[in-house]
Amino acid sequence: MNTKILIIGACGQIGSELTLALRTIYGDSNVIASDIREGNDELMNSGPFEILDVTDKIALESIIRKYQIEEVYLMAAMLSATAEKFPEKAWQLNMNSLLSILDFAKDGLIKKIFWPSSIAVFGPTTPRENTPQQTVTEPTTVYGISKLAGERWCEYYFNNYDVDVRSIRYPGLISWKTNPGGGTTDYAVDIYHQAIQKGSYECFLSEGTILPMMYMDDAIKATIGIMQADKANIKERSSYNLAAISFAPEEVTAAIKKHIPEFTISYDPDFRQKIADSWPQSIDDAKARSDWGWKHEFDLASMTKAMLTNLKATIG
Ligand SMILES: NC(=O)c1ccc[n+]([C@@H]2O[C@H](COP(=O)([O-])OP(=O)(O)OC[C@H]3O[C@@H](n4cnc5c(N)ncnc54)[C@H](O)[C@@H]3O)[C@@H](O)[C@H]2O)c1
């Protein structure tokens, strides 16, 4: 497979694992990583890398032309918690980057786009359990507003210009290789680090806060899966609901205690509690499963085992 791929935001939590996975499939030299900053050694040493500010449309176009890029994975964005601190900057980054890429596809410069949405498109008026694919979407965060607007633009460009853009509403993602980038579900990564390093964790969300989550391996599988699916099978051109597991802080604590019995948790909720309270607890992803064959592998127990094993080997 000689498809030329550009990943924008390749040094982030998802991009750094996605880049390596795509390089294994498509060949190191065919997958161009780019970001506003440099990434970890494994990413930097495994194939081509370009420093790119995605809001610089001229620089973006020149990289697309230089490598004759066919597919773009647009992972650069400002995430939920950080975006609440810088709403205007978040809106500009999250929207302008997407519109630039959609325009390049409309003009025939690139053939296919992956753009991630989020469970943040939902809000307090959305049914919180088993949230349907089509439902009320009244987000209350600037991040959620930008993701919802992005979904509408994706569908618009598909309907009016036949732009092949594909999207997933990721839940909170849990990984051990790269730290998360300022989201409301970040606690579910940090808790594993602290369990190993300190044996205790102070959680910024309260007990009982159930949120949809997913292990990174499953998220990467879904991302590559939707991009490799036949065009005719992608029937949702806004974004697909995607689900794996849902849990509250005390449940992940119980799962960690099976490996580290002395581990303890305490709670000190901050501004992120309000964001979490506006999001669903569980997601109905039947459409993704039937349209393009999505299936998750990791549950809370197997993810906890994988997180603790890998983190113990890397951070001790
Ligand atoms: N991680 C999650 O739990 C999660 C959940 C739902 C949706 N998402 C979405 O997935 C995508 C990737 O998320 P992530 O967790 O990897 O985020 P992240 O913050 O870890 O990574 C984003 C990357 O984009 C880069 N970046 C920022 N501004 C840039 C710019 N102007 N030009 C180029 N690069 C820039 C950053 O340096 C960073 O490496 C985002 O769209 C995010 O909204 C993530």
Side-chain angles (χ1 to χ4, degrees), residues 6-21 32-40 43-44 49-60 63 72-84 86 89-98 100-101 113-122 139 141-151 154 165-190 211-216 218-220 222-223 226 239-245 272 275-276 279-280 283:
L6 175 64
I7 303 166
I8 302 167
C11 302
Q13 190 195 6
I14 305 173
S16 51
E17 298 207 29
L18 179 65
T19 303
L20 298 179
I32 319 309
S34 73
D35 201 294
I36 202 164
R37 61 181 170 108
E38 290 196 351
N40 62 40
L43 178 101
M44 299 301 291
F49 178 82
E50 295 273 352
I51 287 285
L52 169 71
D53 178 351
V54 68
T55 60
D56 181 345
K57 202 171 172 181
I58 294 168
L60 175 58
I63 286 177
V72 171
Y73 290 71
L74 174 54
M75 312 310 285
M78 198 183 287
L79 271 62
S80 58
T82 314
E84 287 308 288
F86 310 101
K89 211 173 157 199
W91 178 257
Q92 272 165 17
L93 172 61
N94 296 4
M95 288 322 320
N96 293 351
S97 58
L98 174 62
S100 297
I101 295 295
I113 301 165
F114 177 81
W115 174 79
S117 186
S118 158
I119 56 163
V121 295
F122 303 118
T141 60
V142 66
Y143 176 70
I145 297 168
S146 75
K147 290 296 186 189
L148 181 59
E151 287 191 7
C154 289
V165 53
R166 304 171 182 210
S167 180
I168 283 168
R169 290 170 179 154
Y170 288 130
L173 300 183
I174 294 154
S175 65
W176 58 271
K177 276 195 180 174
T178 312
N179 283 328
T184 302
T185 53
D186 289 7
Y187 92 84
V189 176
D190 206 22
L211 287 168
M213 303 276 189
M214 181 178 288
Y215 189 48
M216 186 61 81
D218 275 335
I220 300 297
T223 307
I226 193 173
S239 191
Y240 275 96
N241 275 6
L242 194 78
I245 35 180
R272 288 167 280 195
I275 303 177
W279 288 354
I283 301 284

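When a ligand or atom number is given, it counts from 1 through the structure's own listing order.
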Undergrad: In terms of atom number and element, which parts of ligand 1 are under 4.0 angstrom from non-hydrogen atoms of G172?
TA: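 So the atoms of ligand 1 that pass are 3 (O).
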Undergrad: For atom 20 (O) of ligand 1, what's the nearest protein heavy-atom neighbour? Residue, atom name and distance, please.
TA: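 Its nearest protein heavy-atom neighbour is Q13 N, 2.8 Å.
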Undergrad: Students should be able to answer this: which protein heavy-atom is nearest to atom 3 (O) of ligand 1, and at what distance?
TA: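 Here the closest protein heavy atom is L173 N, 3.0 Å.
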Undergrad: Check for a donor-acceptor pair, side chain of Q13 on one end and backbone N or O of L173 on the other, with a separation under 3.5 Å.
TA: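 Checking the backbone N and O of L173 against the side chain of Q13, a donor-acceptor pair under 3.5 Å is found.
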Undergrad: Could you pull out the closest heavy-atom pair between S175 and V189, with the gap in Å?
TA: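 Nearest heavy atoms, S175 then V189: O-CG1, 3.4 Å.
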Undergrad: Has the side chain of R37 got a donor or acceptor atom that lies under 3.5 Å from a matching backbone atom of C11?
TA: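 Yes, the answer is positive, given that a donor and an acceptor are paired below the 3.5 Å cut-off.
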Undergrad: If we only count N/O pairs under 3.5 Å, is Y143 in contact with ligand 1?
TA: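 Looking only at distances, the answer is yes, because the N/O contact criterion of under 3.5 Å is met.
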Undergrad: Among all protein heavy atoms in this structure, tell me which lies nearest to atom 35 (C) of ligand 1, with the distance rounded to 0.1 Å.
TA: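 Going atom by atom, the protein heavy atom closest to atom 35 (C) of ligand 1 ends up being A76 CB, 3.6 Å.
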Undergrad: Using every non-hydrogen atom in the two residues, find where M213 and A188 come nearest and quote the distance to one decimal.
TA: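 Heavy atoms of M213 and A188 come nearest at CE-CB, 3.8 Å.
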Undergrad: Rounded to the nearest 0.5 Å, what separates atom CD1 in I226 from atom OG in S167?
TA: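 It is 7.0 Å, given to the nearest 0.5 Å.
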Undergrad: Under 4.0 Å from a heavy atom of G181: give me the atoms of ligand 1 that qualify, with their elements.
TA: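 Listed by number with element: 19 (O), 20 (O).
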Undergrad: For S100 and L60, what are the C-alpha separation, side-chain angles and deciding distance, and is it a side chain to side chain contact (heavy atoms under 4.5 Å, CB included)?
TA: CA-CA 9 Å; S100 297; L60 175 58; 4.1 Å; yes
Undergrad: Within ligand 1, which atoms have a heavy atom of D53 less than 4.0 Å away?
TA: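 Those qualifying, in numeric order: 30 (C), 31 (N), 32 (N).
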Undergrad: Is there at least one pair of N or O atoms, one from N179 and one from ligand 1, spaced under 3.5 Å apart?
TA: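 In this structure, N179 places no N or O atom under 3.5 Å from an N or O of ligand 1.
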Undergrad: Could you say whether the N/O atoms of D35 and ligand 1 ever approach to under 3.5 Å?
TA: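 It does: an N or O of D35 is found under 3.5 Å from an N or O of ligand 1.
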Undergrad: Only counting residues at least two apart or in another chain, list the ones meeting side-chain contact (heavy atoms from CB on, under 4.5 Å) with A222.
TA: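 If we apply the side-chain contact (heavy atoms from CB on, under 4.5 Å) test to A222, skipping adjacent residues, the hits are I168, L242, W292, W294.
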Undergrad: For ligand 1, is any non-hydrogen atom under 4.0 Å from R169's backbone (N, CA, C, O), its side chain (CB onward), both, or neither?
TA: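 Neither; no heavy atom under 4.0 Å.
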Undergrad: Using a 4.0 Å cutoff against the non-hydrogen atoms of V54, which atoms of ligand 1 qualify?
TA: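 Under 4.0 Å from V54, ligand 1 has these atoms: 30 (C), 31 (N), 32 (N), 33 (C).
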Undergrad: Using a 4.0 Å heavy-atom cut-off, say whether L93 meets ligand 1 through its side chain, its backbone, both or neither.
TA: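 Just the side chain.
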Undergrad: Identify the closest protein heavy atom to atom 12 (C) of ligand 1: which residue and atom is it, and at what distance?
TA: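 Looking at atom 12 (C) of ligand 1, the protein heavy atom closest to it is M75 O, 3.1 Å.
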Undergrad: What atoms of ligand 1 come closer than 4.0 angstrom to any heavy atom of L79?
TA: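 Selected atoms, number and element: 15 (O), 17 (O), 19 (O), 42 (C), 43 (O).
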Undergrad: For S16 and N40, work out which heavy atoms get closest and say how close.
TA: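 Of all heavy-atom pairs spanning S16 and N40, the closest is CB-ND2, 4.2 Å.
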Undergrad: Between the main-chain N or O of S146 and the side-chain N or O of N94, is there a donor-acceptor pair closer than 3.5 Å?
TA: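 Looks like no, no N/O pair under 3.5 Å.
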Undergrad: One thing to verify: whether E151 and R169 come together as a salt bridge, which I'm taking to mean a side-chain N less than 4.0 angstrom from a carboxylate O.
TA: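 Yes, R169 and E151 are salt-bridged.
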Undergrad: In the protein, what heavy atom is nearest to atom 10 (O) of ligand 1, and what distance, to one decimal place, separates them?
TA: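 For this ligand atom, the closest protein heavy atom is I14 CD1, 3.3 Å.
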Undergrad: Would you mind listing which atoms of ligand 1 come within a distance below 4.0 Å of any non-hydrogen atom of S118?
TA: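 Checking each atom against S118, I get 6 (C), 7 (C).
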Undergrad: So which heavy atom on I51 is nearest to which on I63, and how close?
TA: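 For I51 and I63, the tightest heavy-atom pair comes out as O-CD1, 4.4 Å.
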Undergrad: Between ligand 1 and M78, can you find any atom pair, the residue atom being a heavy atom, that is separated by under 4.0 Å?
TA: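 Distance cut 4.0 Å: M78 fails for ligand 1.
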Undergrad: Please report which non-hydrogen protein atom sits nearest to atom 6 (C) of ligand 1, along with the residue it belongs to and the distance in Å to one decimal place.
TA: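 Among all protein heavy atoms, the one nearest atom 6 (C) of ligand 1 is Y170 CB, 3.3 Å.
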Undergrad: Among S16, P171, P116, which one puts a heavy atom closest to atom 4 (C) of ligand 1?
TA: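 Nearest heavy atom to atom 4 (C) of ligand 1 lies in P171.
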Undergrad: Any side-chain donor paired with an acceptor under 3.5 Å for T184 and S80?
TA: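 Judged by distance alone, the side chains do pair up.
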Undergrad: Nearest 0.5 Å please: distance from the OG1 atom of T19 over to the CG atom of L6.
TA: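 Spacing of OG1 (T19) from CG (L6) equals 9.5 Å.
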Undergrad: Nearest protein heavy-atom contact for atom 41 (O) of ligand 1: which residue, which atom, what distance?
TA: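 For atom 41 (O) of ligand 1, the nearest protein heavy atom comes out as K147 NZ, 2.9 Å.
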Undergrad: Look at the side chain of K147 and the backbone N and O of P116, then say whether any donor-acceptor pair between them is shorter than 3.5 Å.
TA: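 Here the side-chain-to-backbone pair exists.
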Undergrad: Just heavy atoms, cut-off under 4.0 Å: does S117 contact ligand 1 by side chain, backbone, both, or neither?
TA: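 Near ligand 1, S117 shows its backbone, while the atoms from C-beta on stay back.
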Undergrad: With heavy atoms only and a cut-off of under 4.0 Å, state how R37 meets ligand 1: side chain, backbone, both or neither.
TA: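 Side chain only.
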Undergrad: Within ligand 1, which atoms have a heavy atom of L52 less than 4.0 Å away?
TA: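 Those qualifying, in numeric order: 32 (N), 33 (C).
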Undergrad: Using a plain distance cutoff, I'd like to know if G12 has any nitrogen or oxygen under 3.5 Å from a nitrogen or oxygen of ligand 1.
TA: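 Looking only at distances, the answer is yes, because the N/O contact criterion of under 3.5 Å is met.
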Undergrad: Under the side-chain hydrogen bond (donor to acceptor under 3.5 Å, both in side chains) test, which residues partner Y73, sequence neighbours left out?
TA: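 Y73: no side-chain hydrogen bond (donor to acceptor under 3.5 Å, both in side chains) contacts found.
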Undergrad: Based purely on interatomic distance, does P180 place a nitrogen or oxygen under 3.5 Å from a nitrogen or oxygen of ligand 1?
TA: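 By distance alone, the answer is no.
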